[in-house]
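This is the structure I want to talk about, given as structure tokens.
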Amino acid sequence: MLGLAPPMPSAPGGTAPDTAAAASSLGSTSPLARTTPLAQPSGSDRPPAKSSQPPRAFAGTMIGLAPPDFAPPPPPPPSAETPAAPAEPGPARLPSHNRTVLGVARPGIAPLNPGQAKAPAPLSVPPAPPPPRPALEDPPSPRPVQPARISFAAAMAIIGSAVLLVMAALAFFMLRGRGSVTAQAGLDIRGSEVLDLSCAECPDGTKTWIDTAPVVFQRGKAKLPLLNHLKVGENPIVLVLERPGRSREEIALSIPIEFRVRGSTDGLAEDAPKVSVVASALPGTKLEVDGKPVTPDASGLARIDYDVAAEVTGPEASVKSLERTLPYRAMSGNERAQTGQVAIRIGITPLVVDAPGPTITVGAKEIVIAGRTAPGSALKVGSNNVVLDAEGRFVSKQPLSVGDNQLVVRATLKDHAPRLVTIKVRRSENLERDAALARSIAQTTYADALRLGDAAAGQNLALAGQLFDLRHDGYTSVLLVDVKKGCKKSPCLAKVVYGVETQLDKGRELKAFGKLSRFVDGPRTGQRIPEMRAELVVAGAP
């Protein structure tokens, strides 16, 4: 699995697109993708132009404030610079501890270029006219009226309120109709990384894509494959959205990944097949796989290998599954631990070797290896490639050295684990000497095998007699031997399967050594005779 924190892959495999988006610091585990609209250039602030008109008295309202019944203070000198408007606050971040089981934070998505509100021009108070001169006949005022002044804090509050109103209006018009789009990283059934997209306001038929063919929303859901693996840290992505009857939209998102735990089958291609768990995490995140602490290397990766040679070795005519399920645990700071499982499941290529069998001793300088596998497989004997026919059958002659030879037949089908069959061939320069050794380690005789029946299966058996019949099955010889020793009533027959082609005349004396496989029907009605897979057959003088 990925263990995106996983699916097993990838494809087999992918990395994040290299489009830029705003990202928070590494190690963030917010479930929403952190996006930042790209800023639009705003007009530069200019000082108010000098007016040729005479100054007018203040009239009108501002943000609900009634006009004062007194003259405002005089304007600042023309040389004073207008102070800059306060900076626009950035988008708020919502903390959350809701991560996916793959260690991937669930991202939300925002428009790529929603724009920014421009700061309003600074407000200035027009100059007040000079007070009129009182007429001589008017009575003197008992108390002069002082003009009220607007404090600096009140002026800043008015400017700030105006900015907030403009921002709210822009946000309303930019976000209205776009709907809510969220994305969550995950794995498909093949272990390849995907984005599970949700959009409540995306009608059926809405298309979306990043760097692959478009996928279509159905009931507000879509599963978008990723060509590249998401990495630990921030993953900026640009998502293209095309709703029916509307223009194309680009949406920027950044998917934060705190840790990754995934299964890998890359090691199946090695001489000793293995599967692996590959883990990586941000600094400060502790990981355990299969109950054991994981220590990343200098590159930030940790790899835990599991040998599976025994599970893929041995003949098998059908496709079997190779399965491993490995638990993991991740802990970041004082937060609650996340647990999950990495599941590795892959089919094993079928392979059967009909000749010469698992173990054989011969006197020849070469031996024929024949068998069958799935059509389209790649087959090797040792380091040599072997050609298959249309039905997956193969025949290969292999040279032998004097003494013991071990030949490994390997079949590999695409998206499957390999199947290995090991053949041990001994090239003997003295078959009689090898026959004497085989006789000394024999565990049962013909008479004992008949008495024990199926309980004798798997034991080493030694036979001596005359060739009663001979036929060939591909590159294997099937001999019917009339056993003389231990026989109460002739013929006492035994079936001997020998993995090389022999040319012997009927009635010829021979000795056979091997393991008792089973009992089969004999030529007589109701007769059961032993069948042996021979490792050595030595013919006597003709």
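Bear in mind the structure is a predicted one, so any value in this text is a computation, not a measurement.
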Any residue meeting side-chain contact (heavy atoms from CB on, under 4.5 Å) with Pro214, in chain and number order, not counting sequence neighbours
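With neighbours one apart ignored, the set is Lys207, Trp209.
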The criterion is salt bridge (Lys or Arg N to Asp or Glu O under 4.0 Å); which residues satisfy it with Glu432, sequence neighbours excluded?
Lys511
Could you work out, with side-chain contact (heavy atoms from CB on, under 4.5 Å) as the rule, every residue matching Ala435, not counting sequence neighbours?
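Only Phe513, Leu536, Val538 meet the side-chain contact (heavy atoms from CB on, under 4.5 Å) criterion with Ala435.
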For residues 379-388, please give each side-chain donor-acceptor pair under 3.5 Å, one per line with the distance, not counting sequence neighbours.
none

Which donor-acceptor pairs under 3.5 Å do side chains of residues 343-357 form with protein atoms, sequence neighbours excluded?
residue	atom	partner	partner atom	Å
Arg345	NE	Glu323	OE2	2.9
Thr349	OG1	Leu413	N	2.9
Thr349	OG1	Ala417	O	2.9
Asp354	OD1	Arg372	NH1	3.0
Asp354	OD2	Arg372	NH1	3.1

Using the side chain to side chain donor-acceptor pair (under 3.5 Å) criterion, which residues pair with Arg433? Sequence neighbours excluded.
none
For residues 441-451, which residue pairs qualify under side chain to side chain donor-acceptor pair (under 3.5 Å), counting only residues two or more places apart or in two chains?
Thr445-Asp448, Asp448-Arg451
Gln398 and Ser396: side-chain donor and acceptor closer than 3.5 Å?
yes
Those residues that, when tested against Asp521, pass side-chain contact (heavy atoms from CB on, under 4.5 Å) (two or more places apart)
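Asp521: side-chain contact (heavy atoms from CB on, under 4.5 Å) contacts with Arg528.
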Just to verify, what does Asp290 make a side-chain contact (heavy atoms from CB on, under 4.5 Å) with, not counting sequence neighbours?
Tyr306, Leu326, Pro327
Does any pair with a residue in residues 462-474 pass side chain to side chain donor-acceptor pair (under 3.5 Å), and if so which ones, sequence neighbours excluded?
Gln466-Glu509
Using only heavy-atom distances, determine whether the side chains of Ser428 and Asp434 contain a donor-acceptor pair under 3.5 Å.
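Yes, side-chain donor-acceptor contact under 3.5 Å.
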Contacts of Asp307 that satisfy salt bridge (Lys or Arg N to Asp or Glu O under 4.0 Å) - sequence neighbours left out
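None.
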Any side chain to side chain donor-acceptor pair (under 3.5 Å) involving residues 530-539? Give me the pairs, sequence neighbours left out, ordered by first then second residue.
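Passing the test, one end in residues 530-539: Lys495-Glu531, Arg518-Glu531.
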